[in-house]
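Since the structure comes first, as structure tokens, the remarks are kept for the end.
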Amino acid sequence: MNASPPLAIAGAGPAGLVAATLLSRAGRRVVVHEKNATVGARFVGDLQVIEDASDRRETVPAMFARLGLPAPAWVPVRAAEFFDSRMRRFPIASKEPYGWFVTRGPGEGTLDRTLLSGALDAGAEVRFRSRLEAAADLVATGPQTPDGLARETAFETDGTTRVRVLYDPAVAPGGYAYLFTVGGRGTFGCAIVRDLGGIDRYFEKAKEKLLSVDDVPMEGPRDAYSFMNFALAPESTRDGRPAAGEAGAFQDYLFGLGMRYAISSGALAAEALLSGGDFAALAREKFGRRQRVSIVNRFLYEAGGAFGLSLFARLATRVDFRRVLSAFYRPGPVRLALAPLVEALWKNRGRCAHRLPPHWCRAREREIRSPELGRIG
Ligand SMILES: Cc1cc2nc3c(=O)[nH]c(=O)nc-3n(C[C@H](O)[C@H](O)[C@H](O)COP(=O)(O)OP(=O)(O)OC[C@H]3O[C@@H](n4cnc5c(N)ncnc54)[C@H](O)[C@@H]3O)c2cc1C
């Protein structure tokens, strides 16, 4: 029996569960505290994409295999249709998958349930309805306050595969709207980073536009609001303790595809806890440059407006899309050189409502007015 006190992890999202699995497998006693009654409580069986372009040396299935994580029910994605503000259609494709669809939420087969099973099988204990703050050895509590906000509808549908993304600042300011139907499941969503209080209005406008393409059967719709952080943290620690996933400000600031970061930062936190290594230094080395470039990408994305987004969609049709995406994620010298400029230019010195490690952020005011949003978080 291992007599040392158990390691306490706050949060049973991908970051916390991956760390719990690796620590338990290495023989450490682990207790994961989850404030909600289930894993994935903020999601409703919606489809999300684990991007497979930021690390061209290791695919997502290879990463799961290397970490010994159970694979969720996933579907590779190699094609999509992008639409610009004038609803011009741009088909994109890649030879190898640029992402993997998974479902999120408490239900059977979701990423959350699969990672939970992996952690339990490895010997971790998971305590639900247990909120943990100061006493955590690893903070993996997810986003803290909305920098980006999404409204989604998850539903059952026909067998047609549709992967559609609408880039239109008038219906999704700073974000995008999406319609995915894969294997009989569907998700429509609108994600924004400005005028957050207008989410319902944007959602309806985006829906009208994206659903005008064809008739999409929508059975058993389930709606949810959820948010994400876009705040660059130089130190991914909270009071000296590692903070993984979005709690540590690990995020793909371009598209908000934070799952791969959550998994890899959770794994890195486990490694640091096992070796006694300095998580902040390890994280800076592994993710620092990519994150700074990611902030530049977000700046360009928001500054580009309708014209820039249309240009992006047009360019994406011409080349293998995995290559396009991976070029965006690569910390190339030009965008790295732009990073300090963007950080200085873009820094909003207003009130910051995050509970994050010391970080740079745009300090969004809380703009939310919709009564529905009482349910988020
Ligand atoms: C609508 C939407 C769509 C998205 N789509 C994609 C996508 O397509 N691809 C992608 O890669 N990413 C996507 N993301 C982002 C992705 O979901 C997150 O980046 C990822 O879930 C972060 O994982 P995490 O473990 O850091 O946090 P979470 O998944 O948020 O998990 C944190 C957990 O901690 C718990 N918790 C919080 N506070 C406490 C506390 N004090 N004590 C105990 N437990 C606590 C929470 O209940 C939660 O279960 C999307 C996000 C949203 C909102």
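We use all heavy atoms of the structure for the numbers below, so side chains are in, but hydrogens, waters and symmetry mates are not. The residues of the chain are indexed from 1 along the displayed sequence.
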Mind listing the side-chain donor-acceptor pairs of residues 12-21 below 3.5 Å, one per line with the distance, residues two or more places apart or on another chain?
from	atom 1	to	atom 2	distance (Å)
T21	OG1	L17	O	2.7
T21	OG1	A119	N	3.4

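In this structure, F90 has its ring center at least 6.0 angstrom away from the ring center of Y167. Two rings, from F180 and Y178, have their centers less than 6.0 Å apart. A centroid separation of less than 6.0 Å is found between the aromatic rings of W74 and F64.
In this structure, V31 is not a member of the same hydrophobic cluster as L115, with clusters built from ILVMFWY side-chain heavy atoms closer than 4.5 Å.
Cation-pi contact between R290 and Y261: present, with separation from the ring centre below 6.0 Å and deviation from the ring axis of at most 45°. The cationic atom of R89 (NZ for Lys, CZ for Arg) does not lie both less than 6.0 Å from the six-membered ring centre of F82 and within 45° of the ring axis.
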Evaluate F203 against F188 for ring pair (Phe, Tyr, Trp, His ring centres under 6.0 Å), listing each step before the verdict.
CA-CA 9 Å; F203 177 86; F188 170 76; 5.2 Å; yes
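Checked by atom type and distance alone, the side chain of T153 never pairs as donor or acceptor with a backbone atom of P221 at under 3.5 Å.
A donor-acceptor pair shorter than 3.5 Å cannot be found between the side chains of S94 and R322. D168 and Y176 share no donor-acceptor pair across their side chains, judged by distance under 3.5 Å alone.
Q251 and N229 make their closest contact through CG-O, 3.2 Å (heavy atoms, listed as atom of the first residue, atom of the second, distance). Closest of all the heavy-atom pairs between D46 and V44 is OD1-N, 3.0 Å. Closest heavy-atom contact between F155 and L179: CZ-CD1, 4.0 Å.
Ring planes of Y301 and F255: perpendicular class, angle over 60° (limits at 30 and 60°).
Judged as a ring-ring contact (aromatic ring centres under 6.0 Å, His included), the pairs with a partner in residues 234-253 (not counting sequence neighbours) are, in order, F250-F287.
Here the straight-line distance linking atom OG1 of T110 with atom CG of L47 works out to 11.5 Å at 0.5 Å rounding. Residue E204 holds its CD atom at 7.0 Å from CG of D200, rounded to the nearest 0.5 Å.
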